[in-house]
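The block underneath contains the structure these notes are about, expressed in structure tokens.
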Amino acid sequence: MASEAQTASGYIKHHLQNWTFGQHPDGHWGFAHDAMEAKAMGFNAIHVDTMFWSVALGLIFIWLFRKAAAKATADTPGGLQNFVEWVVEFIDTSVRGSFTGKNDLVAPMALTIFIWVFLMNFMDLIPVDWLPAVAGQIGHRVFGVDPHHVYFKVVPSTDPNATFGMSLAVFVLMLYYSVKIKGFGGFAGELTLHPFSSKNMVLQAVFIPVNFLLEFVSLLAKPLSLSLRLYGNMYAGEMIFILIAMMYSGGWVTGAFGGLLQLGWAIFHILIITLQAFIFMTLTIVYMDMAHQTSEGH
Amino acid sequence: MNINLTLIGQSITFAFFVWFTMKFVWPPIMTALHERKKKIADGLAAGEKGKHELELAQQHAVDVIKEAKNKASEIINLAERRAGEIADEAKVNAKQEADRIVASAQSEIEQETNRAREALRAQMSSLVVSAASKVLSKEIDAAKHAELLEGVAKEL
């Protein structure tokens with residue numbers, strides 16, 4: 001019983017561990033052989049699986065869309081062009097609906113976010129053991145590593161590094177455009193002069209730190225909530241897939257039930273991954289819109 | 001969940017994909033979409049124009065047909081009137097011709113009558129002379145009484 005619990009938690013932990021390359025505490029660079037080593041590396045490490053899948057999926061995205069864009073004509077569109085145009089038009093409508101400023105960056109960024117996040121989330125629908133098992137076999141046969149030490153997390157959006165990476169970029173753009181559009185003074189004023197304001201100078205002086213505290217927290221909460229929302233949803237979804245996958249080792253009846261559960265959860269998950277991609281995109285548009293708004297006096 | 005260099009890598013990757021989309025994906029597709037929109041709008045406008053023109057043409061056709069009908073009935077009226085006139089003319093002509101024929105026939109008859117009367121008169125006088133000479137025999141000298149007989153013959 002104890003050993004079974006051990007393997008079960010080991011199975012889950014194995015699934016939740018990234019393939020990490022980084023600097024060992026003793027100074028040399030190399031792959032981490034287990035979770036402890038990965039943790040010991042601290043910041044000087046990189047998740048190879050996250051990078052590999054996100055870059056691969058991103059390349060698929062830009063390859064596919066570039067292929068359609070290069071041949072885009074005003075004549076009768078083909079299948080791919082039709083699909084790409086449908087997506088682009090959908091994004092364009094969303095951007096026009098929420099973004100009132102004028103910036104050629106926002107719509108392409110929204111498109112990138114939507115498709116890239118969707119593709120990264122989509123990796124969640126591939127049965128949890130397939131790609132890690134393939135990677136384990138490759139590691140074992142080609143590189144002669146113990147397959148149990150090959151870690152391979154295939155859903156980049158279950159890695160907070162991926163989601164924070166995006167939200168950080170969005171946050172930087174928010175700050176950049178806030179300062180650019182409103183000026184440094186305008187941006188500072190937005191952070192300090194409301195929600196509380198007064199004509200009385202003394203009272204106003206008291207309000208400024210209070211306002212700044214409130215506004216600064218809400219400013220920081222934007223990228224944080226943006227990335228944690230996606231990460232949390234995907235991580236939880238992945239976790240449930242892993243738990244369901246564990247049922248397959250519990251005999252015929254449990255296994256069949258697990259199969260049904262996996263099917264149901266996967267179908268439901270199609271909705272979640274699309275929704276999360278859409279939410280990430282929409283919130284990015286809204287944040288960019290806020291950064292572009294000038295003195296509308298909240 | 002270890003936060004590490006992956007964070008920086010992901011940010012750079014994201015920035016690259018956004019840049020690529022902004023440079024090479026978004027503009028051509030938007031251009032194609034706008035062009036198609038314009039094309040469709042133009043097509044619709046052309047269709048509308050064609051429809052309008054068809055309406056005008058139909059209206060025009062109706063007008064032309066109406067005009068043609070009017071003209072035709074006018075021509076028919078004219079023709080009828082002309083036919084009546086011709087018929088009347090013919091009638092008048094025929095009547096004149098008939099009158100002429102009748103007149104010439106009458107004058108011929110008159111001439112014929114005169115001629116017959118002349119002949120009769122001539123024969124009558126000679127008959128009278130012969131009858132009288134038979135009755136009177138030698139008593140009457142033809143040369144002496146010729147003047148007298150002429151006068152009688154003229155009274156016939």
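Below, all heavy atoms of this structure are taken into account, side chains as well, without hydrogens, waters or symmetry copies.
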Q) What part of A/A107 lies closer than 4.5 angstrom to a heavy atom of chain B: side chain, backbone, both or neither? A) both

Q: Measure distances from A/I115 to the heavy atoms of chain B and classify the residue's part below 4.5 Å as side chain, backbone, both or neither.
A: neither

Q.
Could you report the tightest heavy-atom contact between A/T73 and B/R36, atom names first, then the distance?
A. O-NH2, 3.1 Å

Q. Which pair of heavy atoms, one from B/F24 and one from A/R66, lies closest together, and at what distance?
A. O-NH1, 2.6 Å

Q. Do you know the tightest heavy-atom contact between B/V18 and A/L105?
A. CG1-CD1, 3.8 Å

**Q.** A/W86, CH2: over 12 other non-hydrogen atoms inside 6.0 angstrom
**A.** no

Q. If you tally heavy-atom pairs under 4.5 Å against chain B, which of A/A38, A/P77, A/G22 wins?
A. A/P77

Q) Relative to chain B, which of A/A72, A/G42, A/A70 shows the most heavy atom pairs under 4.5 Å? A) A/A72

Q.
Surrounding CZ of B/R121 (heavy atoms of other residues, nucleotides or ligands, distance under 6.0 Å), is the total greater than 12?
A. yes

**Q.** Intermediate values then yes/no, side chain to side chain contact (heavy atoms under 4.5 Å, CB included), B/F14 and A/M109
**A.** CA-CA 9 Å; B/F14 176 63; A/M109 181 163 75; 4.1 Å; yes

Q) Rounded to the nearest 0.5 Å, what separation is found between the CG atom of B/L7 and the CD1 atom of A/I46? A) 10.0 Å

Q. B/T13, B/V25, B/I12: which one forms the most heavy-atom pairs within less than 4.5 Å of chain A?
A. B/V25

Q: Answer with side chain, backbone, both or neither: which region of A/T50 has an atom nearer than 4.5 Å to a non-hydrogen atom of chain B?
A: both

Q | Straight-line distance of A/F164 CZ to B/I8 CD1, nearest 0.5 Å | A | 13.0 Å

Q: Mind ranking A/A68, A/A35, A/A69 by heavy-atom pairs under 4.5 Å with chain B and telling me who comes out on top?
A: A/A69

Q.
Minimum heavy-atom separation for B/M30 and A/V88, please, with both atom names.
A. SD-CG1, 3.7 Å

Q. Can you tell which of A/V48, A/N18, A/L59, A/T163 has the highest number of heavy-atom pairs within less than 4.5 Å of chain B?
A. A/L59

**Q.** Residue A/A110 versus chain B: region with a heavy atom under 4.5 Å
**A.** neither

Q) Among A/L173, A/D92, A/I113, which has the most heavy-atom pairs under 4.5 Å with chain B? A) A/D92

Q) Would you say B/H60 has more than 12 foreign heavy atoms packed within less than 6.0 Å of its NE2? A) no

Q: Please round to the nearest 0.5 Å and tell me the distance separating atom CD of B/Q10 and atom OG of A/S157.
A: 10.0 Å

Q. Distance only, no hydrogens: is a donor on one side chain within 3.5 Å (strictly under) of an acceptor on the other, for A/T112 and B/T21?
A. yes

Q.
Quick check for you: to the nearest 0.5 Å, what is the distance between B/K39 atom NZ and A/T76 atom OG1?
A. 7.5 Å

Q: Could you give me the CA-CA distance, side-chain angles and deciding distance for A/N44 and B/N4, then say whether side chain to side chain contact (heavy atoms under 4.5 Å, CB included) is met?
A: CA-CA 6 Å; A/N44 283 335; B/N4 52 32; over 6 Å; no

Q: Look up atom NZ in B/K23 and atom CD1 in A/I62, then write down how far apart they are to the nearest 0.5 Å.
A: 14.5 Å

Q | Residue part contacting chain A, namely of B/F17, when any heavy atom lies under 4.5 Å | A | both

**Q.** Value rounded to 0.5 Å, distance of CG in B/L5 from CD in A/Q23
**A.** 9.5 Å

(Q) Please give me the minimum heavy-atom distance between B/E35 and A/A74, naming the atom from each residue. (A) CB-CB, 3.5 Å

Q | Contacting region of A/F61 [heavy-atom separation from chain B under 4.5 Å] | A | side chain

Q: Give the member of A/A162, A/P108, A/S167 that has the highest number of heavy-atom pairs under 4.5 Å with chain B.
A: A/P108

(Q) Tell me if the CD atom of B/E85 is crowded by more than 12 foreign heavy atoms within 6.0 Å. (A) yes

Q) Of all heavy-atom pairs between A/Q81 and B/A32, which one has the smallest distance, and what is that distance? A) NE2-CB, 4.4 Å

